[in-house]
Amino acid sequence: MDWLTTVDHKKIGILYLIAGGLFFLIGGLEAILIRIQLITPMNDFVSADTFNELITMHGTTMIFLAAMPLLFALMNAIIPLQIGARDVAFPFLNALGFWTFFFGGLLLNISWFAGNVPDAGWTSYVPLASPTYSEGSGVDYYVLGLQIAGIGTLLGGINFMATIINMRAPGMSFMRMPMFTWTIFITSALIVFAFPVLTVGLVALMFDRLFFANFFETAAGGSSVLWEHIFWVFGHPEVYILILPAFGIISEVVSTFSRKRLFGYSSMVFATVLIAFLGFMVWAHHMFTTGLGPVANALFSIATMLIAVPTGIKIFNWLFTLWGGSIRFTTASLFGIGFIPTFVMGGVTGVMLAAAPADYQYHDTYFVVAHFHYVIVGGLVFGIFAGLFYWWPKMFGRMLNEGLGKITFVTFFIGFHLTFFVQHFLGLLGMPRRVWTYLDGQGFNGMNLISTIGAILMGIGTIVMLINIVVTSFKKANASNDPWEDGRSLEWTISSPPPEYNFKQIPLVRGYDAWWKEKMEGNAAMTPAEPPGPIHMPSPSILPFVMSVGLFISGFGFIYDMLFLAIGGLAITLICMLLRSVFDDHGFHIEEHEQEKGVTV
């Protein structure tokens with residue numbers, strides 16, 4: 001009951017980590033099944049229909065249900081600590097965000113058991129996703145599952161924007177914020193602007209499918225290209241929603257394990273802002289082959305290539321931070337350093353795809369698959385692994401095993417490059433994306449075999465990580481406040497794991513790298529910005545869980561045309577909203593003597 005009702009950002013971070021990890025394993029299993037199917041030509045390991053379902057669910061699960069929540073886990077666990085806050089701005093909304101995400105993901109994955117799995121690709125292009133070509137309820141699971149999960153992401157974006165703007169410790173100006181906090185702030189702004197676009201598209205597709213509207217039905221006067229515009233106006237900022245937090249993690253890790261201040265901090269901040277701004281101006285580079293015309297193609301080509309400039313600034317700043325540093329090769333550091341050349345390769349192929357005439361050749365081949373995975377796996381997933389190894393002792397009070405961690409890094413790093421490096425050449429040889437099988441004698445056999453071996457290696461690396469987590473969980477929680485001894489920001493000034501109220505006294509920030517500055521001046525602790533006193537904390541609530549269950553039930557009702565379920569589920573959610581507004585949460589106080597004992601109230 002404690003976990004179902006919690007509004008504590010640290011516990012919600014752990015819930016995001018568990019749920020995101022579960023979906024990561026499901027998405028990874030789907031990926032390995034795809035690779036086994038493609039290990040040899042004319043294979044029939046899975047049927048063509050099952051293959052379409054696998055690629056749809058793999059992409060959707062990994063992007064929306066694994067990568068996003070794992071980032072939200074680190075955001076929840078770390079951001080309030082980094083800015084010297086006791087909680088997020090809206091703890092109730094934070095809990096609601098988690099539960100709506102979880103039940104949306106659950107609804108999507110129940111499609112496997114219902115026998116109606118989405119099969120129109122993770123982008124769900126119409127007319128393929130229209131009722132004309134996808135008659136069952138598979139795509140309905142996609143539409144409603146993502147709408148419910150998207151509510152959670154949008155709430156999280158609003159919450160973290162409000163938190164970072166309003167709840168920074170005294171003295172922490174914007175240009176004194178840690179780089180991870182900056183990237184989460186910009187990411188939250190991207191979420192607030194991008195996710196409503198996806199919501200509008202999904203609602204329109206839902207009306208097409210459930211109520212026979214004609215937004216995308218070409219025969220009835222709709223436009224299938226309209227869906228592409230709506231999806232990619234969301235979809236390209238989504239790539240930056242995923243990768244910017246990874247940039248922030250790498251900035252923290254590289255700086256800490258080089259024992260150096262991040263090189264060019266202000267240029268890193270402005271590069272992040274510029275990437276976010278340009279991210280909204282490039283969506284049609286996914287649509288060069290739809291016939292938008294030479295002017296549109298040229299403009300979107302130039303805008304896409306421009307993004308390489310602020311990204312290049314970041315790459316050089318990380319390299320200059322490492323240059324001359326006293327580098328420690330911990331697992332987190334290895335993932336951080338491995339991220340840099342891997343992401344550069346993904347970026348370079350992105351610039352290649354930005355050239356519209358070249359894109360005509362690369363489009364819908366395995367070259368695009370390779371590029372995308374170099375950015376998302378080589379970038380984002382490496383960043384998540386670095387962040388997990390780096391902040392694990394702060395979240396759980398235990399250090400992950402470094403020996404097992406290095407095995408994870410080696411197997412995952414080698415497996416990743418084996419899997420996706422050869423796919424560039426498969427694409428250049430002409431192997432199309434999303435094909436169930438291929439003929440012998442086309443030059444695809446050897447590279448597909450290598451790719452599948454690499455995917456299995458990545459799976460082994462993930463299993464070693466799970467073993468590491470299980471082994472570590474049996475150890476005694478004995479991590480110090482600053483287990484890496486070189487921590488630079490405020491989260492390393494309090495106990496590991498932190499108490500419920502985070503800071504007994506809110507700290508006074510006197511510069512960038514606030515904790516490092518205090519240590520260099522010989523201080524054993526941060527200067528408090530307030531006298532000790534009772535601390536006000538929000539009360540736990542079951543309402544977020546119940547509201548999300550209501551939306552889950554309503555989703556089933558819409559999918560199967562059960563009006564009583566659809567209305568009943570929405571009624572449950574609305575009643576909970578009314579209860580919340582009538583019986584407002586006044587929270588509770590943790591008194592000073594309870595703080596001294598470390599009592600959790």
Side-chain angles (χ1 to χ4, degrees), residues 24 27-28 31 58-64 66-68 70-71 122-123 183 186-187 190 194 231-232 234-251 271-272 274-276 278-283 285-286 288 300 303-315 318 335-355 358-359 362-387 412-413 415-424 426-427 433 451 454-455 458:
F24 185 81
H58 165 68
T60 309
T61 301
M62 283 303 202
I63 295 288
F64 295 102
M68 287 292 293
L70 288 172
L71 291 173
W122 80 274
T123 54
T183 55
I186 302 297
T187 297
L190 285 174
F231 186 87
W232 290 118
F234 150 79
H236 203 84
E238 166 70 0
V239 174
Y240 297 106
I241 288 167
L242 294 173
I243 203 65
L244 286 179
F247 287 172
I249 294 166
I250 300 306
S251 299
T272 306
L274 189 56
I275 288 169
L278 289 171
F280 276 99
M281 301 168 63
V282 298
W283 77 88
H285 69 207
H286 297 270
F288 282 150
F300 282 103
T304 306
M305 291 177 186
L306 279 175
I307 289 193
V309 177
T311 310
I313 290 169
K314 286 182 167 293
I315 299 292
W318 290 323
F335 271 110
I337 294 165
F339 166 98
I340 297 171
T342 309
F343 187 79
V344 168
M345 289 176 68
V348 168
T349 52
V351 174
M352 292 170 70
L353 286 159
D359 186 79
Y362 305 138
H363 193 81
D364 266 344
T365 70
Y366 260 78
F367 189 89
V368 177
V369 178
H371 155 72
F372 186 75
H373 284 83
Y374 260 82
V375 172
I376 296 298
V377 184
L380 169 64
V381 177
F382 279 26
I384 287 172
F385 273 126
F412 202 90
F413 187 80
F416 166 77
H417 285 284
L418 276 178
T419 305
F420 297 110
F421 186 71
V422 294
Q423 290 186 5
H424 292 102
L426 275 171
R433 302 167 70 179
S451 199
M458 287 166 75

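- At least one side-chain heavy atom of M458 sits under 4.5 Å from a side-chain heavy atom of V377.
- Here the shortest heavy-atom pairing between H363 and V368 reads CA-CG2, 4.3 Å.
- With rounding to the nearest 0.5 angstrom, the CE atom of M305 is 11.5 Å from the NE2 atom of H285.
- The distance from the OG1 atom of T304 to the CG atom of L278 is 9.0 Å, given to the nearest 0.5 Å.
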Problem set entry | side-chain contact (heavy atoms from CB on, under 4.5 Å) between F247 and T272, intermediate numbers included | CA-CA 9 Å; F247 287 172; T272 306; 5.9 Å; no

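- Two residues are said to be in side-chain contact when any heavy atoms from C-beta on lie closer than 4.5 Å; L380 and L71 meet this criterion.
- Taking 4.5 Å as the limit, some side-chain heavy atom of W232 sits within range of a side-chain heavy atom of T123.
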Which pairs would a plain distance check flag for residues 335-351, meaning a side-chain donor or acceptor within less than 3.5 Å of a matching protein atom at least two apart in sequence or in another chain?
from	atom 1	to	atom 2	distance (Å)
T342	OG1	G338	O	2.7
T342	OG1	H417	NE2	3.4
T349	OG1	M345	O	3.2
T349	OG1	G346	O	2.9
T349	OG1	H371	ND1	3.1

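- Between A276 and L244 the shortest heavy-atom distance is CB-CD1, 4.5 Å.
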Problem set entry | Test side-chain contact (heavy atoms from CB on, under 4.5 Å) applied to F288 and L353, step by step | CA-CA 10 Å; F288 282 150; L353 286 159; over 6 Å; no

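- The shortest non-hydrogen separation linking L190 to P237 is CD1-O, 4.3 Å.
- Between Y374 and H424, the angle of the ring planes lies from 30° to 60°, which puts this pair in the tilted group.
- The aromatic rings of H236 and H286 sit tilted relative to each other, their planes meeting at an angle between 30° and 60°.
- Rounding to the nearest 0.5 Å places CD1 of I376 at 5.0 Å from CG of L242.
- Across T419 and G415, no two heavy atoms sit closer than the pair OG1-O, 2.7 Å.
- Among all heavy-atom pairs drawn from I241 and M68, the shortest one is CG2-SD, 3.7 Å.
- Taken to the nearest 0.5 Å, the CD1 atom of I243 stands 11.5 Å off from the CD atom of E238.
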For this session: Step by step, work out the side-chain contact (heavy atoms from CB on, under 4.5 Å) result for V422 and Y366.
Result: CA-CA 9 Å; V422 294; Y366 260 78; over 6 Å; no

For this session: Apply ring-ring contact (aromatic ring centres under 6.0 Å, His included) to the pair F231 and W283, showing each step before the final yes or no.
Result: CA-CA 9 Å; F231 186 87; W283 77 88; over 10 Å; no

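- Between atom CZ of residue F367 and atom CE of residue M352 there is a gap of 3.5 Å, rounded to the nearest 0.5 Å.
- A31 and H58 get closest at one heavy-atom pair: CB-CE1, 3.4 Å.
- Put simply, the residue from T187, I186, I384 that forms a side chain to side chain contact (heavy atoms under 4.5 Å, CB included) with P245 is T187.
- Among F412, F420, F413, the single residue meeting the ring-ring contact (aromatic ring centres under 6.0 Å, His included) criterion with F416 is F420.
- Atom CZ of F421 sits about 12.0 Å away from atom CG of L426, to the nearest 0.5 Å.
- In this structure, the side chains of I275 and K314 come closer than 4.5 Å at one or more pairs of heavy atoms.
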